[in-house]
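Numbers for residues simply follow the sequence, beginning at 1. Keep in mind it's a predicted model, so treat the numbers as computed, not measured.
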Amino acid sequence: MTTHAPQAAQAVTLPTTLDEAVAVLTATPAAVPVAGGTDLMTSVNSGQLRPAALVGLGRISEIRGWQYQDGHALLGAGLTHARMGRPDFAALIPALAAAARAAGPPQIRNAGTLGGNIASAAPTGDALPVLAALEATLIIAGPSGARREMPVSYLLAGMEMLRAGELIGHVRVPLLHAPQVFLKATGRTGPGRALASVALVLDPARRGVRCAVGAIAPMPLRPLEAEEWVARLIDWDNGRAIVPEALSAFGEYVAAACIPDAAPAEDGSAQQLPPAVLHLRRTVAALARRALGRALS
């Protein structure tokens, strides 16, 4: 797991149930939970983190699969990116499967988990904009068998945090049975960290469009006004048709909402965004336009 010798001996506990893991974390507040370790071990190897104790979650079978529940999919937090990228999962939640396949090289996809992606809340986490667009809900395990629910967006935005001893156990995702798209732009060919990403899902039952933009801010951004505007332009009763001009306008709308114009100077004159920011804004516009086009095609 690491090429650096630890500075001090670490206690490692390997519970087999979620409640056992919570009990260990409650009894040992300094302990750090670890699943795939793709983010944690980077911090350990760089010397930024020296956990006094580790609680390994890899043996907890109840969080490594999924099940159907009242029109939703209940996903275990221990699901790996590799598992979510397989065809059977892609048939269930296409955008999340696409994000899992884009998460990085095979060694990362084989180790990294859905719960770890959420808990670390790295801005470039590929699953995060998908979960935001799907309006997923976390089921959190606490001491004494307690369970509570929280919208994933609350945790990512810092509106509500995990309490002492709590763990993300499952993620509840609505099954929309409609097109979903995840796209991202990286700084190199092949898998890599996103410079920008867009998740877009259609909700035909509500005649709605949900979009979330990732990697450009500390948390995924939802351009709600752009969603409502473009949903009114879609002919939901005629093959979800839309005029081509609306696709380009939607991309610009999303980009402007997520990367607004620079504030005017003190004398009231307009100021230009830096070239790098303008390039990022154009990238977001292109991703949003393509995502909507693919979802409607």
Side-chain angles (χ1 to χ4, degrees), residues 35-36 38 60-118 125-139 149 151-153 168-184 190-191 194 197-214 220 222 227 231 234 236-237 239-242 287-288 290-297:
T38 54
I60 305 177
S61 59
E62 65 190 281
I63 62 171
R64 298 185 69 83
W66 72 82
Q67 58 184 295
Y68 299 100
Q69 185 183 78
D70 300 325
H72 292 71
L74 192 64
L75 312 179
L79 276 171
T80 64
H81 299 305
R83 186 65 190 88
M84 291 187 291
R86 294 181 186 175
D88 58 340
F89 191 93
L92 190 72
I93 312 173
L96 191 54
R101 289 192 294 265
Q107 61 268 30
I108 295 296
R109 298 197 303 272
N110 289 333
T113 63
L114 177 63
N117 212 210
I118 298 169
D126 292 319
L128 304 187
V130 178
L131 296 174
L134 289 169
E135 298 180 346
T137 301
L138 304 177
I139 299 178
E149 298 190 14
V152 67
S153 58
I168 299 171
H170 296 84
V171 183
R172 181 182 288 118
V173 177
L175 298 176
L176 301 178
H177 303 295
Q180 305 174 9
V181 178
F182 171 79
L183 298 174
K184 80 173 184 178
S197 61
V198 168
L200 188 138
V201 300
L202 301 184
D203 189 350
R206 299 181 180 180
R207 300 198 169 197
V209 175
R210 302 184 202 161
C211 177
V213 179
R222 285 281 303 276
E227 294 176 1
I234 297 172
W236 296 97
D237 298 319
R240 296 194 288 260
I242 192 171
L287 291 175
R290 293 171 187 167
L292 180 61
R294 292 188 185 182
L296 294 174
S297 62

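Considering NE2 of His170 and CD of Gln67, their distance stands at 6.5 Å, rounded to 0.5 Å. With rounding to the nearest 0.5 angstrom, the CG atom of Asp126 is 10.0 Å from the CE atom of Met84. Rounded to the nearest 0.5 Å, atoms NE2 (His81) and CG (Leu114) are 7.5 Å apart. To the nearest 0.5 Å, the span separating CG on Leu134 from NE2 on His72 amounts to 10.0 Å. Residue Ile168 holds its CD1 atom at 11.5 Å from CD1 of Ile139, rounded to the nearest 0.5 Å. Rounded to the nearest 0.5 Å, atoms CD1 (Ile93) and CG (Leu175) are 6.0 Å apart.
Panel note: side chain Arg109, backbone Gly104; a donor-acceptor pair is recorded below 3.5 Å. In this structure, Glu227 contributes its side chain and Cys211 its backbone to a donor-acceptor pair below 3.5 Å. Between the side chain of Arg240 and the backbone N or O of Leu296 there is no donor-acceptor pair closer than 3.5 Å. Of the possible donor and acceptor atoms, one in the side chain of Trp236 sits under 3.5 Å from a partner among the backbone N and O of Ala231.
Two residues are said to be in side-chain contact when any heavy atoms from C-beta on lie closer than 4.5 Å; Leu202 and Val209 meet this criterion. Val171 is not listed as a side-chain neighbour of Leu79, based on a closest heavy-atom distance of 4.5 Å or more.
The side chain to side chain donor-acceptor pair (under 3.5 Å) test applied to Arg207 returns Asp237, not counting sequence neighbours. Residues forming a side-chain contact (heavy atoms from CB on, under 4.5 Å) with Arg64 (at least two apart in sequence, or on another chain): Thr80. Under the side-chain contact (heavy atoms from CB on, under 4.5 Å) criterion, Ala90 pairs with Ala97, Arg101, sequence neighbours left out. Residues passing the side chain to side chain donor-acceptor pair (under 3.5 Å) test with Glu149, sequence neighbours excluded: Arg172. Considering only residues two or more places apart in sequence or on other chains, Gln107 meets the side-chain contact (heavy atoms from CB on, under 4.5 Å) condition with Pro105. Residues passing the side-chain contact (heavy atoms from CB on, under 4.5 Å) test with Pro87: none are found, sequence neighbours excluded.
Shortest non-hydrogen contact noted between Ala132 and Pro220 is CB-CB, 3.9 Å. Counting all heavy atoms, side chain and backbone alike, Val130 lies closest to Ala99 at CG2-CB, 3.9 Å. Here the closest heavy-atom approach between residue Ala133 and residue Arg210 is recorded as O-CD, 2.9 Å. Heavy atoms only, all atoms of each residue included: Lys184 and Ala194 are closest at CD-CB, 3.8 Å. Across every non-hydrogen atom of Val198 and Ala291, the tightest pair is CG1-CB, 4.1 Å. Closest of all the heavy-atom pairs between Leu131 and Val152 is O-CG1, 3.8 Å.
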Worked verdict on Leu96 versus Leu75 for side chain to side chain contact (heavy atoms under 4.5 Å, CB included): CA-CA 11 Å; Leu96 191 54; Leu75 312 179; 3.7 Å; yes
Would Val173 and Trp66 satisfy side chain to side chain contact (heavy atoms under 4.5 Å, CB included), going step by step from the backbone distance to the final call? CA-CA 11 Å; Val173 177; Trp66 72 82; over 6 Å; no
